Amino acid sequence: MENLLKDKVKESIRYLYSSEVTDDLIQVQETRKDFQGDFTLVVFPLLRFSKNTPEQTGRNIGEYLVDNSDFVSGYNVIKGFLNLEISASWWKEYFIRASSEGVNLLAECSVKDPQVILVEYSSPNTNKPLHLGHVRNNLLGYSLYRILSSCGHKVIKTNIVNDRGIHICKSMLAWLKYGKGETPESTGIKGDHLVGKYYVIFEQKHKAQVEALMQEGFDENEARNRSSLMKEAREMLLKWEAGDKETVGLWERMNSWVYSGFDETYRALGVDFDRIYYESETYIAGKEIVLDALEKNIVYRNSDNSVWIDLSQYELDQKLLLRSDGTAVYITQDIGTAVKRYKDYGFDKTIYVVGNEQNYHFQVLRSILKKTGYHWADGLIHFSYGMVELPEGKMKSREGTVVDADDIIREMKNTARGLSAELGKLGDYPEEEKEEIFRKIGLGALKYFILKVDPKKNMTFNPAESIDFNGNTGPFIQYTYARIKSVFRKADQMGIVPEPSRISKAVPGSKEIELIKLVRKFTGIVSEAASGYTPALIANYCYELSKEYNQFYHDFTILGESDPNLRDLRLELSNLISRIIYTAMWLLGVEMPERM
RNA sequence: GGUUCCGUAGCUCAGUUGGAUAGAGCAACAGCCUUCUAAGCUGUGGGUCGAGCGUUCGAGUCGCUCCGGAAUCACCA
């Protein structure tokens, strides 16, 4: 519609002022609610052609559009703004097209040049269970996948598991020393939590040793290095790297516990992956690439045998790539992973969903790859998101203020159950189906709460208040959807089948037209969210739409409407909006209950 | 100290490529359930958009300088 209008405006200026204007000077936007009209042309940029007052210019163009187009039915000029009214017949035609069966709501979002895009998200460590920060990460990554693939891109969901390093040895060691052979089966504890428990035990025992050593007069750093536990952990890491059978066996065993625990959490969150990479499999590739670059003199070796790269041409520092003992550092693994992925998929883009604490890291990674001669390095996108904080401040694992993912998921569901009982909902519904609905609501509340916030901002998560089911929340949108579904169940009972031929009643400025306008906006929002990688746009739009519908719902009766034309229009409108809400929430990964 | 990000109502957040009188929800107060779900709707109060300068017909939005907060700058991952 905007394009149609723009073309007409161009034409009018050619006719009225004999001038050609460029697209960027023609600004068409939706008319603000408090003014009459549907679209508004900002005339200020056009004054240079008309050499006239804004008011007169607006009137001239408005006049031309009404006379020379079949969709502009009226206009008014306020200051430098030309408000145009679109004819009801145009809206009607649009609506009938949009509401007819078989119209794919996402078809219009399709991009012209589909790309192969890798989305990496989750990236857990195998020594700790997932927490709220991971939840934000997973939800953002999964939603990006849905949005981008809905726009026609070929998207591959990947996860990189950080499964090697000293931190893993810590939990292994603690389990050997204090574990008494505990397993997830023998204790009933979820695997990732069990391993996490031993990581904490290690830290506690280690801390006690360090304190004892400090009493003996060592300073803190030295005490850390001298503690017997730390020594044993380092020895274990060496054994692991040397491929010691027993150590690797234990490592595999404990990792398998962790993975089954993670799988359970991923399933609960509704996310999955097409391909999982393990750092234990890529760090060697990274080392080889660095050594290769060393031969080509792209990187250099220091006198102490460590390997560095000079990134001053990218306004960065010298970065270490290999330690003096020849082992890989974090970024070396990432180089290996990136190259391996390019070999595997030949991607156009790789989107790394990783917290903003690693902004610098990804700047460095891209520069290294560029300098090393990988032309596709520009396709690396760090989708940087902000921290999740608690009302008391940041989450700190040391202080036990971390919100565990499994806990919060369970809590949200319990709250949904409690609230439902309090409100007397779903009274005589089968228990099993109720539980499924509570799961959808609780999880929907959590997902929406996190996704509606601009990803790059730090956000505050208040466990007590987050489970607010009023206002701009997932359950509010789910509720709107469930209520529409209910209208249709009732219509079925009453034997009402809307006839498309009757949809003709929408009058300019009516609530129905307002809703149709929002419907029209949908594809634009999805495209914008895809190009900007921000699910939050879709979330907030969906709330706006739901809110508008709720008002509509209260202002009018639908089934009780005596005029069948109006009733069918409202039914069709409800139907279309429920489909949009469903699709929008689907893009966010939020499931929708049919009733609640 | 260098770099990056953030700062909008008491709180949590929106605010499209710069457009008209800056919007929701929560919290507070006042109303609305015999008709399609009240997890809803309506109304009231609440703002120097961190501060200043600049660009522009027009700045919450763009530029510069400050102020405040966060992250990062490891032979940690």
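Every chain is numbered from 1 and lettered A, B, ... according to where its sequence line falls, protein lines coming before strand lines. Since the structure is predicted, the reported quantities are computational estimates derived from the model, not experimental observations. Note that these values count all heavy atoms, side chains included, but never hydrogens, waters or copies made by symmetry.
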Pick the nucleotide of RNA chain B nearest each of A/Y553 and A/T460; which residue has the one closer to the 5' end?
A/T460
Taking 5.5 Å and 30° as the limits, would you call A/F44 and the base of B/G19 a stacked pair?
yes
Side chains of A/D163 and A/S280: is there a donor and an acceptor less than 3.5 Å apart?
yes
Does the side chain of A/N470 get closer than 4.0 angstrom to OP1 or OP2 of B/G40 through an N or O atom?
yes
B/A20 base to A/N83 side chain: any donor-acceptor pair below 3.5 Å?
yes
For B/C57, does OP1 or OP2 lie under 4.0 Å from any side-chain N or O of A/K79?
no
Base orientation of B/C33, chi within 90° of 0 counted as syn, else anti, reads syn
Phosphate-side-chain proximity, A/Q29 and B/U16, N/O vs OP1/OP2 below 4.0 Å:
no
A/Y330 or A/N458: which one's nearest nucleotide on RNA chain B is closer to the 5' end?
A/N458
Centroid distance below 5.5 Å plus an interplanar angle below 30 degrees: do A/F81 and B/A20 meet both conditions?
yes
Compute whether any side-chain donor of one residue and acceptor of the other, for A/R595 and A/Y429, lie under 3.5 angstrom apart.
yes
For A/Y75, does the OH atom sit with more than 12 other heavy atoms under 6.0 Å from it, leaving out its own atoms?
yes
Near-parallel close stack of A/F35 and B/A20 base (under 5.5 Å, under 30°):
yes
Using only side-chain N and O atoms of A/R164, determine if any of them is under 4.0 Å from OP1 or OP2 of B/C76.
no
Take a 6.0 Å sphere around CZ of A/R489 and say whether it holds more than 12 heavy atoms from other residues, nucleotides or ligands.
yes
